[in-house]
2 protein chains.
Amino acid sequence: MLGTPPAERPTMPAAARPATDSRPSETPAKRRAGRPASAVLDQAVITSAALRLIGKNGYDGLTMAALARSLNVAPSALYNHVASKQDVLVLVEDHLASLVDVSAFGAGPWDEAVRQWAWSYRDVFSKHTPLIPVIAVLPVTDAPQTLAMYETVSEGLREAGFPQERIIPSIVALESFIFGSAYDVTAPADIFNPGSMAASTPHFTAAVESLAAQGHERPADVAFNLGLEALIAGLAAQRP
Amino acid sequence: MLGTPPAERPTMPAAARPATDSRPSETPAKRRAGRPASAVLDQAVITSAALRLIGKNGYDGLTMAALARSLNVAPSALYNHVASKQDVLVLVEDHLASLVDVSAFGAGPWDEAVRQWAWSYRDVFSKHTPLIPVIAVLPVTDAPQTLAMYETVSEGLREAGFPQERIIPSIVALESFIFGSAYDVTAPADIFNPGSMAASTPHFTAAVESLAAQGHERPADVAFNLGLEALIAGLAAQRP
DNA sequence: ACCACTAAATGAATGCCATTCATTTATGAC
DNA sequence: GTCATAAATGAATGGCATTCATTTAGTGGT
């Protein structure tokens, strides 16, 4: 499944404003304070700069100062366009949601669509785990692209015959599993090595070694596949 | 937080302690060439103070300064017993792991044990979601109580007839679902309210309203139950 | 052609944070 | 007693998000 390279240019920002045409003319040098036509910043520009920064230096490198510097602007200038750093994270999150692949809904069997969506969703956010605490608690109103994703999935499940009142719980269950699994992808390879405590944990140690002996490239994928197939089967059983 | 795992530091190792309970007892442990019988701080004392602080002011209130103040000690004193704030979080996490109920393993059918464990695990960590990014990536060596939990669960699944190499992936899948679901518990009640965008998301909106009409006390429990039962059924199907 | 309005930028200042380090204190072993 | 050493201090450091008074320069109204 595809990764999530840093978004190139103006990819559909997010909330609120239509924002003129965000064709980013490279304004290289200093500029004096000014107004509209020459405005340097808007939410789309901030979002793509944040993504570039994250891609290069990770989330530790995403500071308001670094973000401003990458845009040749004073840190305080950002606050004319976003209310807080949290706001920047929301913009980034919503952009990422638009990268999740929902194309299989309506184009094939529902379970295949769920599979494709879930793998894509996990892959996108496994590179952005610091956003998970943000999304998991974010009102959908603040994230239009995320909402659009839910709409597509909801429609898909509806057409597959799911009873209305089970659609949201099904999505939430899948999403919870996906978020947890995204963390799992980033865990160090030897996270389960019991080290000096192996002797006191024989069953666990045996299980770890037995899995290791299989020599899977990405153990996280084994667990994700197992859980996802179980969930899909379970959902299938709950349809009329 | 959450950016990168451990940074090595010259001061003090976090691992290899007898893994206390929360009582701030003055257990002296062992003294090597030792000196201070009147020492105020140790890891057990720090852990229980941190828990008290979190209980009162939440994770935003957990700062090294506040922690030190609650112990009538200078902030720098903490660093004689802990290498970093991250270390404090690990101590807290490991204590919480000891609160998770694994008592049903070996005392009944495996699926009932998993059910009880999973609900308990989710409930404990739903009040401590800021620790999830820590646990999800933490080597088991640094968390003896957490390791003990894994040992009990591994033994339970082994006795239930699970093939060795599927035990760890099964635990990981369950745990991923549990972590994601812990976030879900803390989400605001109206997180799915599409607000002014309802018109453009008819299927999603209908699904949300249909669920709301059921009037469940805790909607998060509906999704958790649904997902957990699906996972258990899926695991059952994979046994010989 | 003027002018008032206001969005968008500046840069200095604030307060909080984790962490470091040179130093002091107090203890138990000898 | 003396001494080595763990444990505590308090001052300092550098980074962080955020605020605010101020400046600048287009724009719309007249």
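A note on names: the letters A, B, ... follow the listed sequences, proteins ahead of strands, and every chain is numbered from 1.
Spacing between atom CG of B:D42 and atom C1' of D:dA8 amounts to 14 Å, rounded to whole angstrom units. A straight line from OH of B:Y59 to C1' of C:dC17 spans 18 Å, rounded to a whole angstrom. When the P atom of C:dA8 is taken as reference, atom CD of A:Q43 falls 11 Å away, rounded to whole Å.
Annotation: ring pair (Phe, Tyr, Trp, His ring centres under 6.0 Å) contacts of A:Y121 (sequence neighbours excluded): A:W117, A:F125, A:F179.
Side-chain contact check for A:E151 and B:H203: at least one donor-acceptor pair (N or O, by modelled atom type) lies under 3.5 Å. Under the 3.5 Å distance criterion, with hydrogens and angles disregarded, no donor-acceptor pair is assigned to the side chains of B:E175 and A:Y183. In the model, A:D94 has no side-chain atom that pairs as donor or acceptor with a side-chain atom of A:Q145 under 3.5 Å.
In this model, no side-chain donor or acceptor of A:N80 finds a partner on the base of C:dA7 within 3.5 Å.
At D:dA6, none of the side-chain N or O atoms of B:H81 fall inside 4.0 Å of OP1 or OP2 (strictly under the cut-off).
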Item checked: Per-nucleotide protein contact string for nucleotides 11-19 of chain D, where B marks a base within reach and S marks sugar-phosphate only (heavy atoms under 4.0 Å, - for neither) -> -----SSBB

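Ion pairing between a basic and an acidic side chain is recognised when a charged N comes within 4.0 Å of a carboxylate O; A:D221 and A:R122 show such pairing.
You'll find the side chain of B:F224 stays beyond 4.5 Å of the side chain of A:V172, heavy atoms only.
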